[in-house]
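This report refers to the structure that appears directly beneath it.
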Amino acid sequence: MDIDIFTLFPAWFDWFFAQRHVRRALTLGHRIEAIDLRATTPLRAGQVDDTPYGGGAGMVIRVDVVAAALEARYATDALAVREQRRVIALAPSGRQFDDALAEELAREPGLTLLCGRYEGFDERVHSHLASDVVSIGPYVLSGGELPAMVVVDAVLRKLPGVLGDPASAIEESFSRALGGAPEYPHYTRPAAWRGVRVPDVLLSGDHGRIREWRRAQSRERARIRAEEGGD
Ligand code: ADE
């Protein structure tokens with residue numbers, strides 16, 4: 001997979017790219033890069049944003065700046081990039097990111113992520129340059145950089161060989177293997193800690209019963225989440 005992240009703060013990704021699973025993805029032949037949106041701006045003095053039409057607080061990232069960055073990268077008309085690869089603008093107003101979308105994105109050969117800042121992007125970035133607008137949750141962060149890391153992290157975990165143990169990615173929270181439910185609880189040694197014991201079934205060695213218990217726990221967590229208004 002080929003991942004490009006357009007951002008005004010490429011240095012934010014230095015730490016992320018140095019993490020073990022990201023480096024493993026690179027050694028497997030995947031490619032990931034943070035690209036400075038300011039480097040290709042057609043405006044003077046590195047300008048990338050402007051005041052909003054209609055007034056209001058904050059600055060808005062200009063569509064011509066994003067278009068220029070895409071054209072410099074892909075040597076094609078900016079409007080055509082989303083026909084070649086998924087172009088994901090990160091914004092709190094977008095579609096909520098979830099495990100199903102991570103699965104879907106993991107099947108793409110190429111991803112482009114656009115990180116907003118300030119008041120975000122001019123709406124024409126969403127409507128004419130992006131294929132998707134994605135939010136990682138109903139809260140506002142200071143930019144799209146952390147959301148981009150969340151999306152890339154969740155997607156990389158789905159790629160074969162990126163995790164040390166491939167089984168880890170299959171039966172995890174919200175996966176299809178668990179019917180979209182949260183994952184069951186995990187325990188390790190010691191079997192008793194301050195009088196709190198690990199459930200007997202996990203020590204029983206009976207894999208059928210263990211599987212049944214885990215599925216039941218997972219369903220119970222889904223029920224509690226729904227009751228709490230999580231769904
Ligand atoms: N940019 C700022 N907040 C965001 C969020 N919650 N999701 C995606 N992008 C964002």
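Order of appearance sets the numbers: ligands from 1, and atoms from 1 within every ligand. Values below: every heavy atom of this structure, side chains too, minus hydrogens, waters and symmetry copies.
- For ligand 1, the protein residues within 4.0 angstrom (heavy atoms only) are Leu90, Ala91, Pro92, Val134, Ser135, Ile136, Gly137, Tyr139, Val140, Leu141, Gly143, Pro147.
- Screening residues 142-153 for side chain to side chain donor-acceptor pair (under 3.5 Å) gives Thr7-Glu145, His21-Asp153, Arg117-Glu145 as the qualifying pairs, with residues at least two apart or on separate chains.
- Connectivity analysis of hydrophobic side chains (ILVMFWY, heavy atoms under 4.5 Å, direct or indirect) links Trp213 to Tyr187, Val198, Val201, Leu202, Leu203, Ile210.
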Could you go step by step and tell me if Asp64 and Arg62 meet the salt bridge (Lys or Arg N to Asp or Glu O under 4.0 Å) rule? CA-CA 6 Å; Asp64 50 354; Arg62 290 173 52 134; 2.6 Å; yes
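- Residue Arg211 places its CZ atom among 12 or fewer non-hydrogen atoms of other residues, nucleotides or ligands, all under 6.0 Å distant.
- Side-chain contact between Thr76 and Gln84: present, with at least one pair of heavy atoms (C-beta onward) separated by less than 4.5 Å.
- For Arg23, there are no side-chain hydrogen bond (donor to acceptor under 3.5 Å, both in side chains) partners at least two apart in sequence or on another chain.
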